[in-house]
Amino acid sequence: MYNGNLPTRAEYRRSHKTLKKHFYKRWWFWTIIIILLLAGGGILGMQMTSTGPFTQTEKQTTKKKPKTKKKATTKTGVTLAQYKGIFLDQNSGTPSATVERLLGKPSATSTTTSQDSKTELDTWNKIQNGQLGSNLKVTFASGHAINKAITGIKVKRSKTLGMDEYSSVQNGQSEAVIMANLGQPNGYRESIVDGKNVVELTYSSGVSGASGANFIVNLTDGSVSGKSQTGMK
């Protein structure tokens with residue numbers, strides 16, 4: 001009971017003694033909490049590898065598989081150059097054994113005998129860059145090449161060959177002029193007749209007209225000596 005007297009110094013201190021603050025109200029406690037949260041976030045944002053941690057933002061490099069080089073395909077078959085390399089002559093033409101050694105064994109062989117003279121016709125069916133049914137035929141007399149023909153050569157033409165191109169072929173023109181005006185033919189035939197070199201150039205692809213339209217240019221000793229056409233328009 002209050003008696004109107006002032007409290008003593010000791011009583012005043014006891015009645016106004018400050019209570020101790022709880023630890024969670026201290027500034028250093030929250031400072032530690034913040035530091036731990038920041039550290040924990042950094043750890044969660046990292047992954048472990050065999051060599052140590054790295055952050056998720058790092059890019060993983062993958063090794064590219066080395067590109068495998070395509071094997072070059074070897075072209076096989078008789079070439080136009082090989083055809084042109086066969087020399088024709090009754091007595092000194094390219095021997096059949098030499099042709100077979102260069103081109104391989106023929107696909108087919110047929111022989112005929114007339115007046116004690118043996119003639120052999122050899123056929124090679126595989127022509128490099130050849131159409132279906134392309135072939136090379138060489139006729140041998142007494143073992144020497146006297147006639148040859150190659151057919152079905154594929155030719156990519158820049159223009160269609162029509163009657164205007166056919167009409168441009170004139171007697172006396174050289175083979176070089178024909179090639180310049182018409183391009184490469186699809187077939188060649190060559191033989192020796194009465195000591196003269198006779199050549200037929202056959203044009204069968206890119207020719208205007210009915211199906212199978214074609215024309216032939218004849219040359220004797222290198223100059224145009226005639227021509228003929230089938231199915232052209």
Side-chain angles (χ1 to χ4, degrees), residues 74-157 161 169-205 207 214-230:
T74 303
K75 293 183 178 180
T76 58
V78 179
T79 66
L80 184 58
Q82 289 173 326
Y83 163 82
K84 291 183 176 181
I86 299 172
F87 176 69
L88 304 180
D89 187 85
Q90 183 75 37
N91 300 314
S92 60
T94 306
S96 58
T98 301
V99 176
E100 185 171 334
R101 185 172 68 251
L102 294 174
L103 305 182
K105 189 176 180 180
S107 306
T109 299
S110 63
T111 58
T112 57
T113 303
S114 176
Q115 297 179 352
D116 297 329
S117 177
K118 181 180 178 182
T119 302
E120 179 179 300
L121 174 62
D122 291 344
T123 303
W124 286 264
N125 289 331
K126 201 163 188 180
I127 303 300
Q128 192 174 120
N129 193 38
Q131 299 171 340
L132 183 65
S134 60
N135 60 56
L136 166 69
K137 294 180 182 290
V138 183
T139 302
F140 299 92
S142 302
H144 296 281
I146 59 170
N147 186 291
K148 62 181 179 178
I150 187 169
T151 61
I153 301 171
K154 289 182 181 179
V155 180
K156 187 176 181 180
R157 304 197 185 282
L161 302 178
V169 179
Q170 300 295 322
N171 285 348
Q173 290 177 332
S174 66
E175 183 174 346
V177 170
I178 299 300
M179 292 291 184
N181 293 339
L182 306 179
Q184 181 181 312
N186 301 98
Y188 296 77
R189 181 181 297 276
E190 185 176 347
S191 59
I192 302 296
V193 179
D194 297 330
K196 294 182 178 181
N197 180 252
V198 177
V199 176
E200 289 183 3
L201 306 178
T202 301
Y203 291 82
S204 56
S205 69
V207 178
N214 66 81
F215 66 91
I216 297 173
V217 179
N218 303 102
L219 300 104
T220 302
D221 288 339
S223 298
V224 175
S225 56
K227 63 181 179 179
S228 61
Q229 62 88 11
T230 303

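These numbers were taken from a predicted model, which means no experiment stands behind them. Here, residue 1 is the first one in the sequence, and each next residue gets the next number.
In this structure, the separation between OH on Y188 and CG on L80 is 5.0 Å, given to the nearest 0.5 Å. Atom OG of S223 sits about 9.5 Å away from atom CG of N171, to the nearest 0.5 Å. For the atom pair OG1 of T79 and NZ of K84, the computed distance is 10.0 Å after rounding to the nearest 0.5 Å. In this structure, CD1 on I153 lies 7.5 Å from CD1 on I127, to the nearest 0.5 angstrom.
In this structure, the side chain to side chain contact (heavy atoms under 4.5 Å, CB included) partners of K126, at least two apart in sequence or on a different chain, are T76. Remark: E190 engages Y83, L88, K148, N197, V199 in a side chain to side chain contact (heavy atoms under 4.5 Å, CB included) (not counting sequence neighbours). Checked against side-chain hydrogen bond (donor to acceptor under 3.5 Å, both in side chains), S107 has no partners two or more places apart in sequence or in another chain. By the ring-ring contact (aromatic ring centres under 6.0 Å, His included) test, F140 is found to be paired with no residue, residues two or more places apart in sequence or in another chain being considered. Residues passing the side chain to side chain contact (heavy atoms under 4.5 Å, CB included) test with T98, sequence neighbours excluded: T94, P95, R101, L102. V177 pairs by the side chain to side chain contact (heavy atoms under 4.5 Å, CB included) definition with Q173, S174, N181, not counting sequence neighbours.
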Exercise. Under the side chain to side chain donor-acceptor pair (under 3.5 Å) rule, what do K118 and T113 come out as? Steps first, then yes or no, please.
Key: CA-CA 4 Å; K118 181 180 178 182; T113 303; over 6 Å; no
Practice problem: Begin from the C-alpha positions of Y203 and V169 and carry the test side chain to side chain contact (heavy atoms under 4.5 Å, CB included) through to its verdict. | Solution: CA-CA 12 Å; Y203 291 82; V169 179; over 6 Å; no
Exercise. Please lay out, stage by stage, how T139 and L121 fare under the test side chain to side chain contact (heavy atoms under 4.5 Å, CB included).
Key: CA-CA 4 Å; T139 302; L121 174 62; 3.5 Å; yes
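Side chain to side chain, N135 and T123 fail the donor-acceptor criterion of an N or O pair below 3.5 Å. Side-chain atoms of T109 and D122 include a donor-acceptor pair closer than 3.5 Å.
Between N218 and I216 the shortest side-chain heavy-atom distance falls below 4.5 Å. Q90 places none of its side-chain heavy atoms less than 4.5 Å from the side chain of H144.
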